[in-house]
Amino acid sequence: MQASIGIGILGCGVVGGSLARRLLAKEPHVHGVEHTVHAIAVRSLARNRGEGIPPSLLIDSANALLADHRIDLVVETMGGTTLAAEFVERALERGCHVVTANKALIGSQGPRLHALAARRGASLRYEAAVGGALPILRTIDEALAGDPIESFVGVLNGTCNAILSAMERGGSFEEALADAQRAGFAEADPSEDIDGLDSAHKLAVLVQRAFGAAAITPRLRFRGIRGIDGDALRRYSKRGYRMKLLAAARCDERGIAAEVAPALVPREHPLGALEGAQNGVLLRARDAGELYLRGVGAGGPATSSAILGDIADVLRGIVARTQRNDRIDGFAPILDIRPIFPDTLAIWNDGFLTSPATRLDAAHSSSAH
Ligand code: HSE
C-alpha cells in the first residue's frame, strides 16, 4: 500500500489558510487518499493564523519546504510571478507534483512550466486559477477532450462584476471595491482587477487549454473598467443592457483571436444575468454546441474547493501511477493573436459584436428630445 502522501503548502493567506484547514481536518469526502501536510511556508511566523493551523507546521523557509523529501506534492498559494515561478520550477525539477491557483504565473509562464513538468514526469494542475470554483479546465480537458472548442466568452473577474453590479444600483465604485476587498475577492493590488490584467491572465490560461496554443498574457490586448461612467451604465441598464468585463476568444481558420474588454450584454443573455462576484463562461464546441458554467469565481472557500479537487486528482494519480496532466501534449507556438473588440463600447450578442453602444446613446438622446 502507498504510504501517506506528503504535502507542502507555500503561503497561508486567504486561500492557503482555508485550504490548509480543510486538508488538516481530513474531511473524508474531500480526497479518500491518505495524505499528510508536512509544512506550510509563510513569510512571517509572528502572524496569528487562527484556528485549525498548528503553529508547529509553519516554517519561514520555502527552501526548506522544497528540500523536504517527504513532500510529493507542493501547493502554491503565495501568488506573484517571481518567487512563485522560482519555487514552482524547483518543485517540478525535483519531480514534485504542483497544484496552484496562480493565474498570473500560468498565464505568463504556463507553456514553459508544462514543458518542464512533462520532462520531469510531474503533474501541474491549476483549476482554481480560472473562475474559482467553476470546473472550467476539467470541462475542457475531460468532457470536451474529443471535441474541438471553437470559441468561449466569460466574465472572469468577480471584483469587476461586483463593482459594475453595484454601480448599476447607484452604488459607488469605491464602496463596491472596498466590499470586494473585504470579501477577499480583490487582488492585493486591485488595479490588476480593475484594469483587466487579472482577466487577461485567465484568458491566457483558457486559450492555452482550449486551443492548445502557447498564448501568454503579454500577447493579449486587454482593457478594464476604470473610469466607467455610472450614469451611462444606468442608462444602458434601463434599455436592457448590462455592462460586463468580457474575456473572449475564438479559434478558426484565420488563427486565434482573444481579448478582454468591457461590453454591453443583453440582460437576458446568460452572462448578462450574472450578479455580484459571480463568474460565468460560455463555451462553444463543434459537436457539443454551447455549454455554460456559472458560479462563485473567487474567495477562500470557492478557490480552495477547486484546489482540493486538483489535489484529490493528483493524489489519485500518484496511487494509480499516472501523471494527471497527461492530456497536455504541449502547446503549439502562435505568431499572432488578433483582437476581438472594437475600440468603442460594443454590444455582445451571441458571440457577435453588433452596433456599437454609442448608437444606444444616440437613440437615447434623440428619444429624450
Ligand atoms: N481578483 C479575482 C477576482 C480573484 O476578483 O475575480 C479570483 O481570481
Side-chain angles (χ1 to χ4, degrees), residues 103 110 125-158 161 199-200 202-215 220 240-275 278-297 302 305-306 309-310 313 325-329 331-332 334 337-342 346-355:
K103 60 241 160 174
R125 302 292 300 262
Y126 42 86
E127 182 66 75
V130 185
L134 274 64
I136 179 73
L137 300 182
R138 212 164 284 212
T139 301
I140 291 171
D141 287 341
E142 296 181 13
L144 297 174
D147 192 359
I149 294 168
E150 296 173 340
S151 65
F152 62 84
V153 55
V155 167
L156 299 176
N157 186 271
N161 205 59
S199 294
K202 294 167 180 166
L203 177 62
V205 175
L206 286 183
V207 169
Q208 292 166 16
R209 302 299 289 266
F211 306 143
L220 297 172
Y241 292 92
R242 304 186 77 194
M243 190 179 293
K244 299 289 170 194
L245 185 64
L246 297 184
R250 62 173 173 263
C251 180
D252 55 28
E253 62 291 343
R254 295 171 57 213
I256 291 173
E259 188 175 358
V260 173
L264 295 180
V265 180
R267 191 176 288 280
E268 61 277 11
H269 187 280
L271 297 175
L274 293 176
E275 294 294 345
Q278 282 186 318
N279 281 197
V281 187
L282 260 176
L283 278 170
R284 194 187 293 270
R286 188 192 61 196
D287 305 321
E290 204 164 79
L291 302 173
Y292 184 46
L293 287 171
R294 184 191 73 170
V296 184
S305 164
D310 276 347
D313 207 25
N325 56 352
D326 45 8
R327 288 175 295 270
I328 299 179
D329 315 320
F331 298 103
I334 39 174
I337 301 176
R338 302 190 315 278
I340 284 193
F341 294 87
I347 297 171
W348 181 270
N349 225 335
D350 266 345
F352 299 101
L353 288 162
T354 55
S355 48

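Remember, predicted model here, so these are calculated numbers, not experimental data. Sequence positions, counted from 1, serve as the residue numbers for this chain. Computed from heavy atoms alone, side chains included, the values below leave out hydrogens, waters and symmetry copies.
- Looking at V153 and V281, their side chains never come closer than 4.5 Å, going by heavy atoms from C-beta outward.
- Shown here for Q278 and A273, the closest heavy-atom pair between the two residues is OE1-O, 4.5 Å.
- For the pair Y292 (side chain) and P270 (backbone), a donor-acceptor distance under 3.5 Å is present.
- Listed for the E127 side chain is a donor-acceptor partner under 3.5 Å among the backbone atoms of L137.
- Using a 4.5 Å heavy-atom cutoff, the side chains of N161 and K244 are in contact.
- Nearest approach of V296 to A302, heavy atoms of both residues: CG1-CB, 3.6 Å.
- Taking every heavy atom of both residues into account, G280 and L274 meet most closely at N-CD1, 3.5 Å.
- By the 4.5 Å heavy-atom criterion applied to side chains, I136 and L283 are counted as neighbours.
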Decide yes or no on side chain to side chain contact (heavy atoms under 4.5 Å, CB included) for E290 and L282, but give the supporting numbers first. CA-CA 7 Å; E290 204 164 79; L282 260 176; 3.5 Å; yes

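- Residues N279 and G131 come closest through the heavy atom pair OD1-CA, 3.4 Å.
- Separating the CG atom in D252 from the CZ atom in F211 is a distance of 9.0 Å, to the nearest 0.5 Å.
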Residue pair L271, R242: steps toward the side chain to side chain contact (heavy atoms under 4.5 Å, CB included) verdict: CA-CA 9 Å; L271 297 175; R242 304 186 77 194; over 6 Å; no

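- Scanning all heavy atoms of the two residues, the minimum distance from A215 to I337 falls at CB-CD1, 3.8 Å.
- Within the model, atoms CG of L203 and NZ of K103 stand 14.0 Å from one another, a figure rounded to the nearest 0.5 Å.
- What you find for G110 and Q208 is that their closest heavy atoms are CA-OE1, 4.0 Å.
- In this structure, W348 CH2 and Y241 OH are separated by 14.5 Å, a value rounded to the nearest 0.5 Å.
- R294 meets the salt bridge (Lys or Arg N to Asp or Glu O under 4.0 Å) test with no other residue; sequence neighbours excluded.
- Within the model, atoms CZ of R209 and CZ of F152 stand 12.0 Å from one another, a figure rounded to the nearest 0.5 Å.
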Using a 3.5 Å cut-off and no angle test, enumerate the donor-acceptor pairs between side-chain atoms of residues 254-263 and protein atoms at least two apart in sequence or in another chain.
| residue | atom | partner | partner atom | Å |
| --- | --- | --- | --- | --- |
| E259 | OE1 | I340 | N | 2.7 |
| E259 | OE1 | F341 | N | 2.7 |
| E259 | OE2 | R221 | NE | 2.7 |
| E259 | OE2 | R221 | NH2 | 3.0 |
| E259 | OE2 | R223 | NH2 | 3.2 |

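- For the pair R138/D310, a side-chain contact is recorded, criterion being any heavy-atom separation below 4.5 Å from C-beta on.
- Formation of a donor-acceptor pair under 3.5 Å by the D147 side chain with backbone atoms of A288 is found in this model.
- At least one side-chain heavy atom of L291 sits less than 4.5 Å from a side-chain heavy atom of L144.
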Show your reasoning for whether side chain to side chain contact (heavy atoms under 4.5 Å, CB included) applies to I140 and L206. CA-CA 9 Å; I140 291 171; L206 286 183; 4.0 Å; yes

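- Partners of K202 according to the salt bridge (Lys or Arg N to Asp or Glu O under 4.0 Å) rule, which considers only residues two or more places apart in sequence or in another chain, are D198.
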